[in-house]
Amino acid sequence: MNKYNSIFGQILKFFPRFQFESFVRQTRSSYNTKGFSCWDQFVAMLFCQLGQAHSLREICGGLATSLGKIVHLGLSKAPSRSTLAYANEHRPWQLYEKLFFHVLGLCKSEFGGKHKFRFKNKLLSFDATVIKLCLSIFNWARYRRTKGAIKLHLLLDHAGYLPQFVNVTTGKVHEVNILKHLSFEPGTIVVIDRGLVDYEQWAKWTQNDIYFVTRLKKNAAYQVVRTNKIPRNKNILKDQIIKLEGFYSKKKCPYYLRLVEKWDPENKESVVFVTNNIRLAASTIAAIYKDRWQIETFFKAIKQNLRIKTFVGTSFNAVMIQIWTALIAILILKYLKAKSKVRWSLSNLAAMLRMNLLTYKDLWDWVNQPYFSLPEKPKLVQERLAL
């Protein structure tokens, strides 16, 4: 008799059934289920991500061939392809959004503490990634004349590198339009890419004591008001207080800004940053923008380790369910990685978890000691074998 449930079954315990059913009632997802519950659908879609299934056939076939093991997951039988496809097309994706924020709360309570910088300000990065789609199949996701795409907009909290805000739109929606509707607490530092420069937004943030750090466009016109002292051995070339020039630039953002130029020894080029924070050291400003790369790492981890570039359904609802399930899965992987005593890489953890998903072993024993080692032979036996 097995002492433990399967590893997949123990992962599903992160989602208490009473809490899950509460989300189902809130989103009205249980209407006309006909023997295939919302829990069954969730288990199948999470199996798609953690088991890295490529199609509905692989999801349903993988669950069907492991029927003896999936009984403990709350499934009475494996779904058919048509049943799962219908559920993904018609049941609201908002249920999976609520499940995502449930896991996010669990992660924040465990390892979402402080960021690595000495200052106490909240540090956030905002960016978006494009997921390409075939326009002839996903005709609702028009991006270019002959191309389709959706965008995953993400606000990353550098305390634990966990998402704070997620929004999925069609590819035509620009990131600036999403950023305008986000609200931040006074004192927050927001890091954005050079492509999201908006002088009016800079002015609003400055008025509300919200700080930003970004790259300055090469054609930006400005006037140097004051030059600050440059620190030694920090690769800082310039530290200046500036004001924007030009009629429209001055009108949109009339406030003093700070320009920091740093030499990048790796790429052998200088990088120019702009911020409205006057107090932090110039080297800290440069380090803040460098840490923005963590949001790119987050996007890369999702695309490489989970099923987010190929979809098992073609409707908007089905795509949203798969994206939110992928976000749930990446949080599970980050949670296991943070709690483990082994220095896992996220890609290695995802691969090993896929191979051991239905293994009957204690989850935390496996996470902390994944590789089986033969017990040492007694010394007496070793001596006899030597003779």
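If you read the sequence from its start, that first residue is 1, and numbering goes on from there. Just the heavy atoms: all of them, side chains too, but no hydrogens, waters or symmetry mates, feed the values below.
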### Message
Check D157 with K108, please: is the shortest side-chain N to carboxylate O separation under 4.0 Å?
### Response
no
### Query
So do L156 and L162 actually touch side chain to side chain, heavy atoms under 4.5 Å?
no
### Pairing of K229 and D239 as salt bridge, 4.0 angstrom limit
no
### Query
Side-chain donor-acceptor pair under 3.5 Å between K180 and Q201, yes or no?
no
### Task
Please work out which of the three classes, parallel, tilted or perpendicular, describes the rings of Y289 and F273, given edges at 30° and 60°.
tilted
### Message
Do the side chains of K122 and E185 get close enough for a salt bridge, i.e. N-O under 4.0 angstrom?
### Response
no
### Euclidean distance, F299 CZ relative to Q304 CD, rounded to 0.5 Å
14.0 Å
### Task
Show your reasoning for whether side chain to side chain contact (heavy atoms under 4.5 Å, CB included) applies to L306 and I330.
CA-CA 8 Å; L306 299 168; I330 198 68; 3.8 Å; yes
### Query
Is there a donor-acceptor pair closer than 3.5 Å between any side-chain N or O of E261 and the backbone N or O of S270?
no
### Message
We want to know whether T169 and H153 form a side-chain donor-acceptor pair, criterion being a heavy-atom distance below 3.5 angstrom.
### Response
yes
### Message
Do L216 and R194 make a side-chain contact, defined as non-hydrogen atoms from C-beta onward lying under 4.5 Å apart?
### Response
no
### Message
For E245 and S249, which I'm curious about, is there any donor-acceptor pair between the side chains at under 3.5 Å?
### Response
no
#### Entry: Sole candidate of F126, W202, Y199 that passes ring-ring contact (aromatic ring centres under 6.0 Å, His included) when paired with F212
W202
### Task
Using a strict 4.0 Å threshold on nitrogen-to-oxygen distance, state whether K300 and E296 make a salt bridge.
no
### Query
Thinking salt bridges, do K252 and D198 make one under a 4.0 Å N-O criterion?
no
### Pair E89-S315, side-chain donor/acceptor within less than 3.5 Å
no
### Intermediate values then yes/no, side chain to side chain contact (heavy atoms under 4.5 Å, CB included), N277 and V213
CA-CA 8 Å; N277 190 301; V213 178; 6.0 Å; no
#### Entry: Pair N305, S347: side-chain N/O donor-acceptor within cut-off below 3.5 Å
no
### Pairwise side-chain contact, T284 with F119, heavy-atom cut-off 4.5 Å (strictly under)
yes
### Task
First locate atom CG of L346, then atom NZ of K334, and finally report the distance between them rounded to the nearest 0.5 Å.
6.5 Å
### Task
Determine the interplanar angle of the W140 and F138 rings, folded into 0 to 90°, and report it as parallel if under 30°, tilted if 30 to 60°, perpendicular if over 60°.
perpendicular
### Task
Answer whether the closest heavy-atom distance between the side chains of L353 and I11 falls below 4.5 Å.
yes
### Task
Locate the shortest heavy-atom distance separating N317 from P92; write the atom from each residue and the value.
OD1-CA, 3.9 Å
### Message
Within this structure, what is the NE2-CG distance for the pair H181 and N167, rounded to the nearest 0.5 Å?
### Response
10.5 Å
### Message
Please determine whether a side-chain nitrogen of the Lys or Arg among E175 and K151 lies less than 4.0 Å from a carboxylate oxygen of the Asp or Glu.
### Response
yes
### Query
Are any side-chain N or O atoms of T325 and backbone N or O atoms of I321, one a donor and one an acceptor, separated by less than 3.5 Å?
yes
### Task
Find the distance between CD (Q322) and CZ (R307) and round it off to the nearest 0.5 Å.
9.0 Å
### Task
Classify the side-chain pair Q240/N228 by whether it contains a donor and acceptor separated by less than 3.5 Å.
no
